[in-house]
2 protein chains.
Amino acid sequence: MDYRRLDNEDLKHFASFLKESEIITNPEEREPYGHDETEDYQFSPDLVLKPSSAEAVAKIIKHCNDRRIPVYTSGARTGLSGGALPVYGGVVLSTERLNRIIEIDERNLQATVEPGVINQVFHEACKEKGLFYPPDPSSWGSCSLGGNLALNAGGPKAVKYGVTNAYVLDLEVALADGSLIRTGARVLKNSTGYNLTQLMVGSEGTLGVITKAVFRLIPYPQQDRLMLIPFQSAEKACEAVSAIFQAGITPSAMEFMERDAIDYTLQYVDDVSLPIGPEVQAHLLIEVDGNNAEVLMQDCMAIADIVENFEAGEVLFAESAQEKAALWKLRRKVGEAVKSHSIYKEEDTVVPRAELAKLLRAVKELGSRYGFHSVCYGHAGDGNLHVNILKNEMSDQAWKEDLPKGIRELFQIVKELGGTISGEHGIGYVQKDYMDVVFQEAELQIQRSIKKIFDPQEILNPGKLFPNQ
Amino acid sequence: MDYRRLDNEDLKHFASFLKESEIITNPEEREPYGHDETEDYQFSPDLVLKPSSAEAVAKIIKHCNDRRIPVYTSGARTGLSGGALPVYGGVVLSTERLNRIIEIDERNLQATVEPGVINQVFHEACKEKGLFYPPDPSSWGSCSLGGNLALNAGGPKAVKYGVTNAYVLDLEVALADGSLIRTGARVLKNSTGYNLTQLMVGSEGTLGVITKAVFRLIPYPQQDRLMLIPFQSAEKACEAVSAIFQAGITPSAMEFMERDAIDYTLQYVDDVSLPIGPEVQAHLLIEVDGNNAEVLMQDCMAIADIVENFEAGEVLFAESAQEKAALWKLRRKVGEAVKSHSIYKEEDTVVPRAELAKLLRAVKELGSRYGFHSVCYGHAGDGNLHVNILKNEMSDQAWKEDLPKGIRELFQIVKELGGTISGEHGIGYVQKDYMDVVFQEAELQIQRSIKKIFDPQEILNPGKLFPNQ
């Protein structure tokens, strides 16, 4: 790519409409914007801008478009696919000051927010009013809603309530030409023109910069029950998952964790303990929610009956809010725990739910063939398995040269099972060269053409999503 | 538009890969393909083709693309926005022979269908296996799934379960260049590239022809309760709607009918009777569903308590399957009944739920100003009000020249209330010239550019969706 480097004229221009505190030139302060939670990448933006209005965002990208300077929109940098990495330098546009919850509309069960609002902050603000915003990625305490929108983020609740895109009604988006558009309306159904809202969600900052979002909300469920179920076989645990759904039960969370995932995490967090017998190979963490305690108890009993057919051990019910919090902490910290254990790569495979056991078997077979150790966990109810590949004793050469072939084989299997290569983490920087596994050239070409409409100068998050960039 | 007329060479080409019975040249047999359920339009296609494979569909549109012949994809022609009308003649591509339910996958709660399958046929096939496909437009007994996808159709259940697009996981689409693409995967969450699936849904046949769809399904709810509630004031009925949702109850249907809607329908269907006092101005038809009778009864009691605050009359509970069917028949037949009453126009306005009373007031005010009588009904829980404007005594001139100004005013009010001009019927032929009310030029331009990527020759459903076409 032939991008212009920033010069003093650019800085002067930005200073004409941004405050001094919104312009970060100091290398030390810029450094954190060069990485996210993805493996071990570090890039270096030339400049970080922190606009506090949609109009300022639009002015920034218009200028960069006119001058052909890359713009990398950055939320909280908790991403796992390198989507926010400034791989060609240029400007990082941080949304951290666009962090207002503009309105929680209790009459209509809707909310309007800016992209920099932290997921959990929004969740709690809604909950205070009896309203529920379900998408809850593991990083919800630190990830931003703008990032969630960019990647169509999920989380444990998605299995019952759907992922981010199921809650978005309307977006305000700054385009490369400096215009601000609305993509939808504040309505629950909309058959008016092409669905630009859903085109923006999951587009990873490559089409525009989301400056406002309108979400629908639902009533907050009043009760939940949480159970942890040990299995002697990880494959049996996977098989139990689809049996539960086939029985007509829809849990509000259905999480799978391999033995290593729990063990690493128990070592990593020091305030949770759990006695686990040596025979246990995996756990399911299952939550049901609703407004009626008796119905939930019936669901739990039905689940307990079903898992018996899959050689489950004794079901542990969380009896108090503390016990629930401890089990959820265990699940939410798996990613960090595995990461702290070794250099690793995280794959975000997703398949039809009933194919989960086949996928797990394939991962292990590939591991023995390519010589890697894997720790698998994830949102089993959605068929979404996070495959963590640990470097451990692998040689640098095998890690760099052979492993990508193994990952390609894994993705080919995922495709054959009816699945795809990312369920919620996005493609970003680290998965783009595998896009040809799941898309034909015609399908990629359409996506490239759409990109060109919105971003003819290729200044919006360049070096992402598409192969060979 | 400068389109080529069909000639014998074209017919010969189609005959080279279609059966004789798949090629309709006879004017009488072509005639039904020239209209749908929208008002009083009649156009005339030059040829009707009824391919029975995706490959044949692709060949047809490639040929039409090469020769610049318009292609109008036609489902069951139950549309209410003229979306399937062959306004420039050319070829009508009927999906009626693409009517296989290819698979109902009970392990994964998914189904794969062709576009010509009738909605209710699919619904019943799923139900037999204990599975639920919720989208249920009033025309479900005759409308096709392909048409539902083209318009992102809703129906009464949408208020709890979402519209068509909430159930689509993957589409096979024939493109103008003759390629067949897949837009997604058989998975419940997908962060892999731009969301071409959601771009296709609701695009009204202007981007490609859907040849297969993969839907997710959910467990069929085992019980429901249905209640009809009379109100002395239509506005009070509208206000009751949002009060019910604010109380944390999510009914599985929340339908509103003005007095005239019920009266016309009772005259139109001869096997349903209902005693209605002279003071009644509107009804809400409310259904709750789930798996626990006691919980449903509690919901019903809570609803009955809430509506008392809005001057409701005595709640009628449907006590048997027959009574439920009668009430649903009443609701589903309103459209036909109103249509049989007078020349009319149907608007498909949608606003945030709590603004429904304001919208209704505005409709009546416009009616008295422009001299039209209106009958309003619809999916109140979704804020989706079908405004039926009756010609009655209006002069032809007022109908043709003044009324469009009144509709424009109505749509401007809808926009100001945070809503939009179609909730489930689509834009098609009859609403296209109002698109500028809800979209800025930049927003329309993006949509036109997307259209151009998929259909550079403008052969796919030309004369629709965009203003000034």
Side-chain angles (χ1 to χ4, degrees), chain A residues 106-110 130 151-152 154 158 163 166 179 181 185-196 198-199 201-203 218-219 242 245-246 248 250 292 295 350-354 382-384 418-427 435 438-440 442-443 446-447 449-450 453 465, chain B residues 106-110 130 151-152 154 158 163 166 179 181-182 185-196 198-199 201-203 219 242 245-246 248 250 292 295 350-354 382-384 418-427 435 438-440 442-443 446-447 449-450 453 465:
Chain A
E106 294 175 79
R107 289 169 65 239
N108 283 302
L109 280 61
Q110 295 183 6
L151 300 172
N152 195 15
V163 297
S179 55
I181 64 164
R186 285 173 47 212
V187 291
L188 298 168
K189 48 204 294 203
N190 191 336
S191 294
T192 312
Y194 299 152
N195 197 333
L196 300 181
Q198 295 297 335
L199 185 60
V201 176
S203 67
I218 57 179
S242 56
F245 287 89
Q246 275 187 262
T250 306
N292 185 292
V295 170
V350 59
V351 294
R353 186 193 289 140
D382 281 324
N384 187 194
T420 192
I421 64 179
S422 176
E424 57 176 21
H425 293 172
I427 299 304
M435 284 282 272
V438 284
F439 289 113
Q440 299 177 55
E443 292 150 1
I446 287 168
Q447 294 180 67
S449 301
I450 290 172
I453 292 172
L465 202 62
Chain B
E106 294 175 79
R107 290 169 64 240
N108 284 302
L109 281 61
Q110 294 184 7
L151 299 173
N152 196 16
V163 296
S179 54
I181 64 162
R182 300 301 295 228
R186 286 173 45 214
V187 292
L188 298 167
K189 50 205 291 203
N190 191 336
S191 295
T192 311
Y194 299 152
N195 198 333
L196 300 181
Q198 295 297 334
L199 185 60
V201 176
S203 67
S242 57
F245 286 89
Q246 275 188 264
T250 305
N292 185 291
V295 170
V350 58
V351 293
R353 183 192 293 140
D382 280 324
N384 186 195
T420 191
I421 65 177
S422 176
E424 58 177 19
H425 293 172
I427 299 305
M435 283 282 272
V438 284
F439 289 112
Q440 299 176 56
E443 293 151 358
I446 287 168
Q447 295 181 66
S449 301
I450 291 172
I453 292 172
L465 202 61

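Residue numbers start from 1 in every chain, and the chains themselves are labelled A, B, ... in the order their sequence lines are given, proteins ahead of strands.
The main-chain N or O of B/R353 is found under 3.5 Å from a side-chain atom of A/N108 such that the two form a donor-acceptor pair. Counting only distance, with no hydrogens or angles, the side chain of A/Q447 and the backbone of B/G193 share no donor-acceptor pair below 3.5 Å. A/E443 contributes a side-chain N or O that, together with a main-chain N or O of B/R182, makes up a donor-acceptor pair within less than 3.5 Å.
Only the side chain of A/N292 comes within contact range of chain B, with at least one heavy atom under 4.5 Å from a heavy atom of that chain. Looking at A/S203, both its backbone and its side chain come within 4.5 Å of chain B, counting heavy atoms on both sides. When heavy atoms are compared at a cutoff of 4.5 Å, A/I421 approaches chain B by way of both its backbone and its side chain. Heavy atoms of A/N152 lying under 4.5 Å from chain B belong to its backbone as well as its side chain. Of the two parts of A/L151, only the backbone, made up of N, CA, C and O, holds a non-hydrogen atom closer than 4.5 Å to a non-hydrogen atom of chain B. Proximity to chain B (any heavy atom under 4.5 Å) is shown, for A/V350, by both the backbone and the side chain. When heavy atoms are compared at a cutoff of 4.5 Å, A/I181 approaches chain B by way of both its backbone and its side chain.
Annotation: maximal heavy-atom pairing with chain A below 4.5 Å, among B/S179, B/A354, B/G383, B/A185, occurs at B/A354. Between chain A and the residues B/E424, B/H425, B/M435, the most heavy-atom pairs under 4.5 angstrom are made by B/E424. Counting heavy-atom pairs closer than 4.5 Å to chain B, the top-ranked of the candidates A/I427, A/L199, A/V351, A/V295 is A/I427. Listed options B/P352, B/G202, B/P219, B/G248 were ranked by heavy-atom pairs under 4.5 angstrom with chain A; first place goes to B/P352.
Considering CG of A/L109 and CZ of A/R107, their distance stands at 11.5 Å, rounded to 0.5 Å. Distance check: B/Q440 CD to B/I446 CD1 gives 9.5 Å after rounding to the nearest 0.5 Å.
Contact record, B/N384 with A/K189: OD1-NZ, 2.9 Å, taken as the closest heavy-atom pair. Residue B/V187 comes nearest to A/G418 through the heavy atom pair CG1-O, 3.9 Å, listed as atom of the first residue, atom of the second, then distance.
Side-chain contact between B/I453 and A/I450 is present, with heavy atoms from C-beta onward closer than 4.5 Å.
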